[in-house]
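Some notes on the structure that comes next.
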Amino acid sequence: MSNAALELRQISKSFVQGGSHLDVLRDCSITIQPGELTALVGPSGCGKSTLLHIAGLLEQPGSGEVWVGGVNAARANDAERTRLRRQFIGYVYQMHHLLPEFSARENVVLPQMIAGVARTTATRRADELLGLVGLTERLHHRPAELSGGEQQRVAIARALANKPRLLIADEPTGNLDPHTADGVFAMLLTLAREAGLAALIATHNLDLAQSLDRTLRLADGHVV
């Protein structure tokens with residue numbers, strides 16, 4: 001049993017590429033306590049996204065254990081892993097991955113309804129979150145009608161919709177211009193701190209990383 005928001009224990013992951021065996025992660029261990037905001041840095045291709053996918057229960061490790069919300073996800077079946085993701089984890093991708101046919105409000109309502117929340121309650125929560133990220137006037141706009149920064153702010157609101165305990169973000173401002181990136185990142189951290197979330201955020205921007213509580217570096221498959 002782990003009281004940490006997230007605990008990775010000796011995680012390893014390898015792939016076969018072009019007939020070669022590629023070790024991406026080697027015995028990686030990370031512990032993130034409730035309310036702790038942690039940056040993950042490292043060069044492109046070092047395995048940050050793979051590590052985040054494993055932490056977010058989107059991908060299985062080759063070996064090791066992933067503890068989320070006090071549960072050993074390595075022992076969980078697919079249905080249990082889906083429940084853990086829905087109940088404990090909010091995920092922000094580098095590309096917003098919004099559903100293009102739905103409005104900003106609907107993109108934040110849908111994950112709540114999938115989790116069993118009534119539409120009226122989900123709509124109220126969506127409007128509150130979109131207001132917090134400054135998009136009250138854009139509730140009914142579809143992603144194609146929003147700027148890149150606005151799309152990513154909707155993605156942040158969506159990640160927080162089900163009141164997760166752990167936020168995982170993979171280069172959440174990587175596709176934005178520097179000015180917009182700074183604003184979106186600051187907004188993400190403010191919302192995470194106000195909600196008391198634990199967070200693991202991958203970023204190339206060392207200045208942004210320094211605004212978090214702790215920085216981990218991934219190099220040669222190891223977390224240092």
Side-chain angles (χ1 to χ4, degrees), residues 1-34 36-99 110-111 114-116 155 158-172 174 192 197-204 214-224:
M1 183 73 176
S2 172
N3 293 321
L6 172 68
E7 188 172 357
L8 305 182
R9 299 180 181 175
Q10 295 183 303
I11 296 297
S12 294
K13 183 72 174 182
S14 60
F15 298 96
V16 175
Q17 189 175 50
S20 299
H21 190 82
L22 179 63
D23 292 320
V24 178
L25 303 173
R26 302 186 182 103
D27 294 325
C28 295
S29 295
I30 296 174
T31 300
I32 300 177
Q33 300 297 337
E36 183 180 29
L37 306 184
T38 301
L40 179 67
V41 302
S44 296
C46 71
K48 295 192 302 295
S49 292
T50 298
L51 187 63
L52 292 184
H53 286 171
I54 290 171
L57 308 184
L58 298 173
E59 191 172 328
Q60 290 275 22
S63 62
E65 295 182 352
V66 181
W67 289 77
V68 176
V71 177
N72 183 359
R75 299 178 181 175
N77 59 33
D78 287 344
E80 290 170 333
R81 288 169 63 85
T82 297
R83 181 190 64 79
L84 285 171
R85 280 197 303 270
R86 185 179 298 151
Q87 184 175 354
F88 290 101
I89 301 172
Y91 209 108
V92 182
Y93 301 89
Q94 181 173 349
M95 293 295 293
H96 52 78
H97 291 303
L98 299 176
L99 298 173
L110 283 172
I114 292 171
R158 179 184 59 186
L160 300 177
N162 285 328
K163 301 180 180 179
R165 301 182 193 178
L166 171 66
L167 178 69
I168 295 177
D170 190 359
E171 297 285 357
L197 299 182
L200 179 60
I201 303 175
T203 179
H204 282 299
R214 181 166 58 121
T215 298
L216 302 175
R217 180 175 296 276
L218 187 60
D220 298 323
H222 298 282
V223 173
V224 295

Can you tell me how far the [atom1] atom of [X] sits from the [atom2] atom of [Y], to the nearest 0.5 Å?
{"X": "Glu7", "Y": "Glu65", "atom1": "CD", "atom2": "CD", "result": "8.5 Å"}
{"X": "Tyr93", "Y": "His53", "atom1": "OH", "atom2": "NE2", "result": "6.5 Å"}
{"X": "Leu84", "Y": "Leu57", "atom1": "CG", "atom2": "CG", "result": "6.0 Å"}
{"X": "Phe88", "Y": "Leu197", "atom1": "CZ", "atom2": "CG", "result": "13.0 Å"}
{"X": "Arg214", "Y": "Ile30", "atom1": "CZ", "atom2": "CD1", "result": "7.5 Å"}
{"X": "Leu110", "Y": "Leu98", "atom1": "CG", "atom2": "CG", "result": "11.0 Å"}

Note, [X] side chain near [Y] side chain (heavy atom, < 4.5 Å):
{"X": "Leu218", "Y": "Leu25", "result": "yes"}
{"X": "Glu171", "Y": "Thr203", "result": "yes"}
{"X": "Leu8", "Y": "Val223", "result": "no"}
{"X": "Ile89", "Y": "Asn162", "result": "no"}

Quick check: closest heavy atoms across [X] and [Y], and the distance to 0.1 Å?
{"X": "Gln60", "Y": "Lys13", "result": "O-NZ, 2.8 Å"}
{"X": "Val92", "Y": "Ala155", "result": "CG2-O, 4.3 Å"}
{"X": "Asp23", "Y": "Ser14", "result": "OD1-CB, 3.4 Å"}
{"X": "Gly221", "Y": "Cys28", "result": "O-SG, 3.1 Å"}
{"X": "Val68", "Y": "Ala55", "result": "CG2-O, 4.1 Å"}
{"X": "Pro34", "Y": "Ala5", "result": "CD-N, 3.9 Å"}

Write out all pairs satisfying side chain to side chain donor-acceptor pair (under 3.5 Å) with one or both partners inside residues 40-49, taking only residues at least two apart or from two chains. Ser44-His204, Ser49-Asp170
Heavy-atom donor-acceptor pair, [X] side chain to [Y] backbone, under 3.5 Å:
{"X": "Thr38", "Y": "Leu200", "result": "no"}
{"X": "Arg85", "Y": "Gly56", "result": "no"}
{"X": "Asn77", "Y": "Ala79", "result": "yes"}
{"X": "Ser12", "Y": "Asp27", "result": "yes"}

Dump the intermediate steps for side-chain contact (heavy atoms from CB on, under 4.5 Å) on Arg158 and His97, then the final yes or no. CA-CA 11 Å; Arg158 179 184 59 186; His97 291 303; 4.2 Å; yes
For side-chain contact (heavy atoms from CB on, under 4.5 Å), just list the numbers for Leu37 and Ile201, CA-CA rounded to whole Å, side-chain angles, deciding distance to a tenth of an Å, and then say yes or no. CA-CA 8 Å; Leu37 306 184; Ile201 303 175; 5.7 Å; no
CZ (Arg165) with more than 12 external heavy atoms under 6.0 Å: no
List in chain and number order the residues that pass salt bridge (Lys or Arg N to Asp or Glu O under 4.0 Å) with Glu80, two or more places apart in sequence or in another chain; answer none if no residue qualifies. none
